[in-house]
2 protein chains.
Amino acid sequence: MTDTKTKLLDVAERLTQTKGFNGFSYLDLAEEVGVKTSSIHYHFKTKADLALALVDRVHGAHVAAFGQLDAQVPNAENRLAAIVEVFEGYVNDDKFCLCGMLSAEFQSVSPAVRGRLRTYFQDMRSWVAKQLNEMGFTDSDNRSLSFVSSLEGSLLLARLNGDASLIGSALEQVKQN
Amino acid sequence: MTDTKTKLLDVAERLTQTKGFNGFSYLDLAEEVGVKTSSIHYHFKTKADLALALVDRVHGAHVAAFGQLDAQVPNAENRLAAIVEVFEGYVNDDKFCLCGMLSAEFQSVSPAVRGRLRTYFQDMRSWVAKQLNEMGFTDSDNRSLSFVSSLEGSLLLARLNGDASLIGSALEQVKQN
DNA sequence: GTCTATACAGCGATAGAC
DNA sequence: GTCTATCGCTGTATAGAC
C-alpha cells in the first residue's frame, strides 16, 4: 500500500464518517491529500471502488481489533468497554460509524458494498454475543442485537448533542438483567 | 400548501430516507413530480431550504401522531407499539428514518437543520419517557434514551438485512425488567 | 406558478506525456 | 505514480416570458 493510497483512504474515511459518502468529492479528497483528482482514479478507478476499499479496510481493522482484545484483555466486560470507547471517540471527532453511515445511504451504494456491510455487522454481532455469553447471559444472541443497535443509535444521538456520555447511558440498559 | 409543493416534499422525503439527502438532485425530484427544476426553486429557494421544510414537516407530523395516540390509545405499551410499527414499515419501503438520516449526514446540513434535529429527538425521547413512566418504569428518562437509540440502530440493521423483525427483537431487551 | 433558456461551477472519469 | 488537459455531464441557481 503506497503512502498516497493510505492517505486517500484516511481522508475518505473521515469525510464519509462526517459528511456521508455522497457528501464529498474526488476534488475534496485531492486537495486535502495534495494530489490531483486524476491520481485518485489511478488508485481507485471509480468512486464505488473507493467505497468498497473503505469498508474492507475498516472491516479488517475491526476484526483484528476483536482478535487483539480476545488475546489481551482477560475480561469480557472490559473487552466490550473497549469497543464502546471507540464509539465514544467518534463523537469527539464529530464522526458517525463508517459502516453505519454507508448502511444509512444503503440505496445509493453498490451491491458489493451492501454485501460487505452485512458481513461487517454480522461479525460484530457475533463477537459481541460471544462476550455477552462469557458474561453469563443466556440470551446473548438477542442481547447482542440490542447492544449493537443501541451502540449505533446512541452514537447518532450523542453526536447530534455533542455528548459522548449518551452512549454509555443507553448501553447501561442492555447490560442489565 | 399547493399540490406541487406537497408532491415535492413527498418525493424528497422518500429519496432522503432511501438514498440520503446528498443522494438525490433537484433533477431527480423534478422528473418524478413532473415539473422543471426551476419550479422547485420557486417553492424551495435552495436545497438547504428543502431540508428544513422536510424536517419541519415530519416533526409536525410526529408530534401530531403522539398527540393522537395519547388521546385515542388507552394503554402506554400499545402507544409505544404503534411507533415501533411505523419504523417496521420503513424497512419494507427500504427507508431509514428521515431525521436519523439527516443526523448521520450531520456535518453536511445547515445549522438551522441541526437545531431542528435536536428538537425532534428531544420531543421523541420525552414522549417515549412519558409512556415508559406510565408503564411503571422508574428509570424512564434513561430507558427512553435506550429505547430511541435501539429503535434507530435496529432500523439501520433491519433494513440492511431486509428483516423488519429485528426491530422488535432489539427492543424486547429495553422493555424488560 | 410554471415555463424556457442559460449561467457557471462542479462532478466523475479518461488519454496520454513525463 | 503523478501530472496536464480535457471530455461530457450533472449540479444548483437565476432571469425573464407567459
Side-chain angles (χ1 to χ4, degrees), chain A residues 1-57 98 101-102 105-114, chain B residues 1-57 98 101-102 105-114:
Chain A
M1 180 98 73
T2 66
D3 194 48
T4 297
K5 191 165 187 173
T6 302
K7 281 186 200 165
L8 286 169
L9 285 169
D10 290 344
V11 175
E13 184 174 302
R14 201 193 71 238
L15 290 176
T16 301
Q17 291 186 254
T18 49
K19 311 179 79 176
F21 189 73
N22 293 321
F24 71 95
S25 70
Y26 267 30
L27 186 59
D28 296 327
L29 220 49
E31 284 176 347
E32 252 196 88
V33 173
V35 293
K36 299 295 173 180
T37 60
S38 52
S39 300
I40 305 180
H41 283 283
Y42 171 81
H43 297 286
F44 309 101
K45 199 139 185 47
T46 68
K47 209 185 170 193
D49 292 330
L50 173 60
L52 207 56
L54 283 171
V55 182
D56 280 344
R57 189 174 74 152
L98 181 114
M101 183 70 82
L102 289 166
E105 297 172 307
F106 193 66
Q107 298 297 322
S108 72
V109 302
S110 72
V113 169
R114 295 180 192 188
Chain B
M1 181 97 73
T2 66
D3 195 49
T4 298
K5 191 165 187 173
T6 302
K7 280 187 201 165
L8 285 169
L9 285 170
D10 289 345
V11 176
E13 183 172 303
R14 201 193 72 237
L15 290 175
T16 302
Q17 291 186 255
T18 49
K19 311 179 79 176
F21 189 73
N22 294 321
F24 70 94
S25 70
Y26 267 30
L27 186 59
D28 296 326
L29 220 49
E31 284 176 346
E32 251 195 88
V33 173
V35 293
K36 298 295 173 180
T37 60
S38 51
S39 299
I40 306 179
H41 283 283
Y42 171 80
H43 297 286
F44 309 101
K45 197 136 185 47
T46 69
K47 209 184 170 193
D49 292 330
L50 172 61
L52 207 55
L54 283 172
V55 182
D56 280 344
R57 189 174 74 151
L98 180 114
M101 183 70 83
L102 289 167
E105 297 172 307
F106 192 67
Q107 298 297 322
S108 72
V109 302
S110 71
V113 169
R114 294 179 192 187

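Throughout, protein chains are lettered first and strands after them, A, B, ... in sequence-line order, and every chain is numbered starting at 1.
Rounded to an integer number of Å, the gap from B:Ile40 CD1 to C:dC3 P is 10 Å. The distance between atom CG of B:Leu8 and atom C1' of C:dG1, rounded to the nearest whole Å, is 12 Å. The NZ atom of B:Lys36 sits 19 Å away from the P atom of D:dA13 (whole-angstrom rounding). Taking atom OH on A:Tyr42 and atom P on D:dG1, their separation rounds to 3 Å, with Å as the unit.
At a threshold of 4.5 Å between non-hydrogen side-chain atoms, the residues B:Leu8 and B:Leu50 do not count as touching. You'll find the side chain of A:Thr2 stays beyond 4.5 Å of the side chain of A:Lys7, heavy atoms only. The side-chain heavy atoms of B:Leu15 and B:Val11, taken from C-beta on, include a pair separated by under 4.5 Å. When side chains are defined from C-beta on, B:Gln17 counts as touching B:Glu13, because their heavy atoms get closer than 4.5 Å.
The pair A:Asp10-A:Arg57 counts as a salt bridge, with a side-chain nitrogen and a carboxylate oxygen less than 4.0 angstrom apart.
For A:Phe106, there are no ring-ring contact (aromatic ring centres under 6.0 Å, His included) partners two or more places apart in sequence or in a different chain. Residues that satisfy the salt bridge (Lys or Arg N to Asp or Glu O under 4.0 Å) test with A:Asp49, not counting sequence neighbours, are absent from this structure.
No hydrogens or angles were tested; on distance alone, nothing pairs the side chain of A:Thr4 with the base of D:dT2 as donor and acceptor under 3.5 Å.
Taken residue by residue, residues 15-28 of chain B places heavy atoms nearer than 4.0 Å to DNA chain D at B:Phe24, B:Ser25, B:Tyr26, B:Leu27. Scanning residues 43-55 of chain A for heavy-atom distances under 4.0 Å to DNA chain D yields A:His43.
Applying the side chain to side chain donor-acceptor pair (under 3.5 Å) definition to pairs two or more places apart or across chains, those involving residues 29-40 of chain A are A:Arg14-A:Glu32.
A sub-4.0 Å separation between OP1 or OP2 of C:dC3 and a side-chain N or O of B:Ser39 is present.
Here OG of A:Ser110 is found 12.5 Å from NZ of A:Lys47. Values are rounded to the nearest 0.5 Å. Of the inter-residue distances, the one linking A:Phe44 atom CZ with A:Leu29 atom CG reads 8.5 Å to the nearest 0.5 angstrom.
In this structure a side-chain-to-backbone donor-acceptor pair under 3.5 Å is present from B:Glu105 to B:Phe21.
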Which pairs, protein N/O on one side and nucleotides 6-8 of chain C N/O on the other, fall under 3.5 Å?
none

